[in-house]
Number of protein chains: 2
Amino acid sequence: MLGGFIRAQRQVANLSLRQLSALTEISNPYLSQVERGLHEPSIRVLKSIADALNVSAEILFEQAGLITGTEKLGDEATESAIRADQRLTEAQRTALLAVYRSYVEDNREEG
Amino acid sequence: MLGGFIRAQRQVANLSLRQLSALTEISNPYLSQVERGLHEPSIRVLKSIADALNVSAEILFEQAGLITGTEKLGDEATESAIRADQRLTEAQRTALLAVYRSYVEDNREEG
DNA sequence: CTGGAGTGATTGACATGCCAAGCAGGGCGT
DNA sequence: ACGCCCTGCTTGGCATGTCAATCACTCCAG
């Protein structure tokens, strides 16, 4: 699945395995194996492939089954963002989440 | 960097290494090593951690340096998420944003 | 004080990612 | 026919991801 997608993208870009290898600094044998699904590439490899093929990393991740399609726009985006926000202190995070949840809960009750 | 972020998220969620281990089906020693930056986890591991901690996979990828900084989710991720949240009314959105901004501002002043 | 039950960390072994070297075949010019 | 350069693929081995077993520590009940 992922491998096939990468191979297709490479061919669309008219690149040989060795050319892609040069761009990504990943050996061509390994690229071959990844494209045929014999190996699950590491994060670093996946990223450099995405860059070289001018494919948004997100799309590759989606192909890899990492992002479940609409996840980024899903219901939990706000909670996730708050939790990950480095500009908030721990106490602030907790408080903000509590407020947010109470809002959502209120709206749910009203229908 | 990535490891520290995962550790912080785990502690926010009030989980021990073994509890997270149970949720993710990843051994607790390995989680420990990942959190301390001794190993770069595979894609599969990263995703199961993201799922278990209810963190958007994208946010984890950004922390992992996968998404180059502001490509998708930068400092404004929280604001964006709040604005896009369909579960909030307009008034709630405004209020939440105001609280959020005041937090960030406070922290900036303190240095 | 002693003994569980919880916490995170270390270690040694096995599985897998990844690469350098080399192989087999297909065009194309001489 | 040869030889060259290109293509993708196979293989052996080192580096790294991952786990089972175990350790040291803290805390609290008996």
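Here is the naming used below: chain letters follow the sequence lines, and residue numbers restart at 1 for every chain.
- Computed from coordinates, the B/L31 CG to C/dG8 P distance equals 10 Å when rounded to whole Å.
- You'll find that the side chain of B/R36 is closest to C/dA9, out of D/dC19, C/dA9, C/dT7.
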Exercise. Given the rule in the salt bridge (Lys or Arg N to Asp or Glu O under 4.0 Å) test, do A/R44 and B/E40 qualify, once you have shown the distances and angles that lead to the verdict?
Worked result: CA-CA 9 Å; A/R44 156 189 150 257; B/E40 182 177 6; over 6 Å; no

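- Side-chain proximity of B/L17 to C/dG8, C/dT10, C/dC19: nearest is C/dG8.
- One hydrophobic cluster holds both A/L96 and B/V104 under the rule that ILVMFWY side chains link at heavy-atom gaps under 4.5 Å.
- Put simply, B/R10 has a side-chain N or O that comes within less than 4.0 Å of OP1 or OP2 on C/dG8.
- Rounded to the nearest 0.5 angstrom, A/I49 CD1 and A/L20 CG are separated by 6.5 Å.
- B/V12 and B/L31 are members of different hydrophobic clusters when ILVMFWY side chains are connected at heavy-atom separations under 4.5 Å.
- If you measure from atom CZ of A/R44 to atom P of D/dG17, you get 10 Å, rounded to the nearest angstrom.
- Closest approach to the B/I26 side chain among D/dC19, D/dG8, D/dT18 is made by D/dC19 (side chain taken as heavy atoms from C-beta onward).
- Whole-Å rounding puts the A/E35 CD to D/dC9 C1' distance at 12 Å.
- Side-chain N/O atoms of A/N28 and base N/O atoms of C/dC19 include no donor-acceptor pair closer than 3.5 Å.
- Residue A/S42 places at least one side-chain N or O under 4.0 Å from the OP1 or OP2 atom of C/dC18.
- Contact of B/R18 with C/dG8 (side chain to base): a donor-acceptor pair of N or O atoms is detected under 3.5 Å.
- As rounded to whole Å, 13 Å separates atom C1' of C/dG8 from atom CD of B/Q19.
- The interatomic distance linking A/L15 (CG) with D/dC6 (C1') rounds to 15 Å, in whole Å.
- The interatomic distance linking B/L46 (CG) with D/dG17 (C1') rounds to 13 Å, in whole Å.
- Between A/I43 atom CD1 and D/dT16 atom P the separation is 15 Å, expressed in whole Å.
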Problem set entry | CA sep, side-chain torsions, deciding dist, call: A/R87, B/Y100, side chain to side chain donor-acceptor pair (under 3.5 Å) | CA-CA 10 Å; A/R87 298 193 292 181; B/Y100 172 66; 3.2 Å; yes

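- Side-chain nitrogen and oxygen atoms of A/S16 include at least one within less than 4.0 Å of the OP1 or OP2 phosphate oxygen of D/dT7.
- Within the model, atoms CD1 of B/I6 and CG of B/L46 stand 6.0 Å from one another, a figure rounded to the nearest 0.5 Å.
- For A/R7 and D/dC9, the shortest distance from a side-chain N or O to OP1 or OP2 is below 4.0 Å.
- Judged by closest nucleotide on DNA chain C, B/Y30 is the one of A/L38 and B/Y30 placed further toward the 5' end.
- Atom pair B/I49:CD1 and D/dG17:C1' shows a separation of 12 Å (rounding to whole Å applied).
- Within the structure, every side-chain polar atom (N or O) of A/H39 is placed at least 4.0 Å from both OP1 and OP2 of C/dT16.
- Nucleic acid contact class of A/V45 (heavy atoms, under 4.0 Å, all strands): sugar-phosphate only.
- A close approach under 4.0 Å does occur between a side-chain nitrogen or oxygen of B/S32 and OP1 or OP2 of C/dA9.
- Comparing C/dC19, D/dT18, C/dA21 against the side chain of B/Q33 picks out D/dT18 as the nearest.
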